[in-house]
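Shown next, in structure tokens, is the structure this report addresses.
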Number of protein chains: 2
Amino acid sequence: MVADIPLFKGLAKEQLDEVVNSIADQTFDRGQTVLSEGEAAEGFFVLVQGKVKIFKLSTEGKEQILHFVGPGESFGEVPMFSGGRFPANAETIEKSRIFFFPRAAFLDLIGADPTLAMNMLAELSKRLRQMTRLVEELSLKEVPSRLAAYILYLSSENESDDVGLDITKGQLASLLGTIPETLSRILGKMSAQEVISVQGRKLKILDRTILEDLAAGGKFVI
Amino acid sequence: MVADIPLFKGLAKEQLDEVVNSIADQTFDRGQTVLSEGEAAEGFFVLVQGKVKIFKLSTEGKEQILHFVGPGESFGEVPMFSGGRFPANAETIEKSRIFFFPRAAFLDLIGADPTLAMNMLAELSKRLRQMTRLVEELSLKEVPSRLAAYILYLSSENESDDVGLDITKGQLASLLGTIPETLSRILGKMSAQEVISVQGRKLKILDRTILEDLAAGGKFVI
DNA sequence: CGGGTACTTGACAATGGTCAAGTGTGGTGG
DNA sequence: CCACCACACTTGACCATTGTCAAGTACCCG
């Protein structure tokens with residue numbers, strides 16, 4: 001099972017054994033806090049099953065989701081290499097099984113095997129790319145653009161014009177850097193213009209051209 | 001000189017030699033493009049002297065600065081480990097001397113020496129932390145908050161209430177995710193309320209308490 | 001001294017957030 | 001099995017923040 005985690009791909013058997021011996025297996029119910037911003041990090045986490053959101057909170061309680069973590073993905077690695085404290089919060093949004101990997105054992109391993117270091121570099125680079133895109137969208141695009149980009153992303157994932165949201169609309173709003181009211185209004189307008197159709201959490205793309213134009217920053221009036 | 005670059009700190013002499021043999025020394029005038037978003041990466045860069053901005057552009061030409069690069073810092077490493085293409089643009093804002101490090105030689109070295117891998121992990125982690133803070137500010141705070149946080153950061157850097165901007169106000173606006181007009185107005189209001197004084201690019205903190213409250217998301221009316 | 005760039009200021013428009021009051025809807029306990 | 005409750009979502013009226021457009025001033029560099 002540990003061998004299926006991308007981060008540990010390519011590791012020699014004896015090192016996989018060491019990984020297995022180091023980790024602690026934990027189970028969380030939906031809605032539980034896994035780690036909190038500012039907390040000293042004793043290690044990092046790998047999600048085996050379930051779903052986790054990584055997010056920031058404003059002083060007034062508004063939430064910005066940075067990204068979601070799915071099975072096989074790790075989170076909370078940043079303080080292993082700099083700072084020592086978590087830069088954001090992590091909370092389960094489904095019942096989840098999580099492996100905890102203590103700091104010292106991991107740093108030993110990463111010093112010993114360049115494969116693990118390269119895997120980690122690949123993971124952090126991917127994350128940096130995601131964050132760059134998020135900054136771009138928040139700063140340079142309006143909410144309809146961000147929503148259009150997200151719908152197109154979902155559509156490309158399952159290669160279909162029918163896309164199902166696997167998160168609540170409230171969470172989608174938080175991921176897009178807005179609030180449920182605004183998202184609801186924009187979905188309503190897109191629906192009225194027959195760009196998409198909306199049935200609960202089921203969306204259908206009706207006019208891909210307009211979505212693509214919007215995602216690129218187009219000023220189509222919705 | 002190469003030994004002074006944080007990324008290469010702790011490397012054995014023979015490996016430093018290899019670094020020196022691999023790099024290409026380049027000089028750029030102010031305002032020149034070093035790399036462009038989407039371009040295939042043949043290697044990455046280390047700034048020796050001068051200053052570089054890393055930024056994204058919207059389709060309408062608005063710019064969001066992600067961060068600045070100072071002497072001794074590297075940039076353009078992300079595609080070494082994932083994707084193969086640069087996620088953003090880099091342009092000199094001063095005459096700069098830049099080392100270019102080709103991909104293959106670097107990957108060889110990083111596989112051979114865990115020190116280099118750890119240095120790179122530290123660098124990417126630091127960057128990820130920066131980006132997380134940028135997302136937080138863009139999404140959860142208003143422009144006066146971001147400006148206050150930036151002024152306090154500058155003040156903590158040189159441990160003084162007198163801070164000098166080392167960039168133009170236009171660039172500061174782009175870094176804060178706004179436009180020069182808005183920045184100008186907010187500086188004007190802060191000045192009128194005697195929170196700071198503004199003389200060209202020289203700022204002086206007059207009321208630190210209010211700045212700190214603003215930076216934390218406070219709703220002080222300016 | 002001249003020209004371009006950086007910066008400022010004003011009037012206006014629009015995006016999106018706030019507050020308030022609904023309308024479903026699914027899951028749980030009686 | 002159904003009623004009810006909590007929660008997700010929607011809709012409306014309003015307003016704050018910030019961006020746009022336009023014009024003008026200051027300032028630095030050659």
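Computed from heavy atoms alone, side chains included, the values below leave out hydrogens, waters and symmetry copies. Just so we're on the same page: letters track the sequence lines, and every chain starts at 1.
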Just the table, please: protein N/O against nucleotides 23-30 of chain D N/O, every pair under 3.5 Å.
none

Close N/O contacts between protein and nucleotides 6-9 of chain D (under 3.5 Å):
residue	atom	partner	partner atom	Å
dC9(D)	OP1	Lys169(A)	N	2.9
dC9(D)	OP2	Lys169(A)	N	3.0
dC9(D)	OP2	Gly170(A)	N	2.9

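Sorted by first then second residue, the salt bridge (Lys or Arg N to Asp or Glu O under 4.0 Å) pairs that include residues 29-48 of chain B, not counting sequence neighbours, are Glu37(B)-Lys56(B). Within the structure, the salt bridge (Lys or Arg N to Asp or Glu O under 4.0 Å) test picks out the following pairs touching residues 139-153 of chain B (sequence neighbours left out): Glu137(B)-Lys141(B), Glu142(B)-Lys219(B).
Classification of Lys204(A) and Asp161(A) as a salt-bridged pair fails, no side-chain N sitting under 4.0 Å from a carboxylate O. Salt-bridge check for Asp25(B) with Arg97(B): passed, with a basic side-chain N closer than 4.0 Å to an acidic carboxylate O.
The side-chain contact (heavy atoms from CB on, under 4.5 Å) test applied to Thr59(B) returns no partner, not counting sequence neighbours. Taking Phe100(B) as the reference, Phe45(B) meet the ring-ring contact (aromatic ring centres under 6.0 Å, His included) condition, with sequence neighbours excluded. Qualifying ring-ring contact (aromatic ring centres under 6.0 Å, His included) partners for Phe44(A), counting only residues two or more places apart in sequence or in other chains: Phe101(A), Phe106(A). The salt bridge (charged side-chain N to carboxylate O under 4.0 Å, His left out) check on Asp213(B) picks up nothing, with sequence neighbours excluded. Under the rule for a side-chain contact (heavy atoms from CB on, under 4.5 Å), the partners of Thr27(A) that lie at least two apart in sequence or sit in another chain are Lys95(A). Take Glu94(A) and apply the side-chain contact (heavy atoms from CB on, under 4.5 Å) test, not counting sequence neighbours, and it matches Lys51(A).
Two end axes, each from the C1' atoms of five base pairs, can be drawn for the helix from dC1(C)-dG30(D) to dG30(C)-dC1(D); they diverge by 40°, to 10 degrees.
Contacts between chain B and DNA chain C, taken as any atom within less than 4.0 angstrom of a protein heavy atom, begin and end at dC7(C) to dA11(C).
Evaluated for a side-chain contact (heavy atoms from CB on, under 4.5 Å) with Ile151(B), the options Leu172(B), Leu203(B), Leu214(B) yield exactly one hit, Leu203(B).
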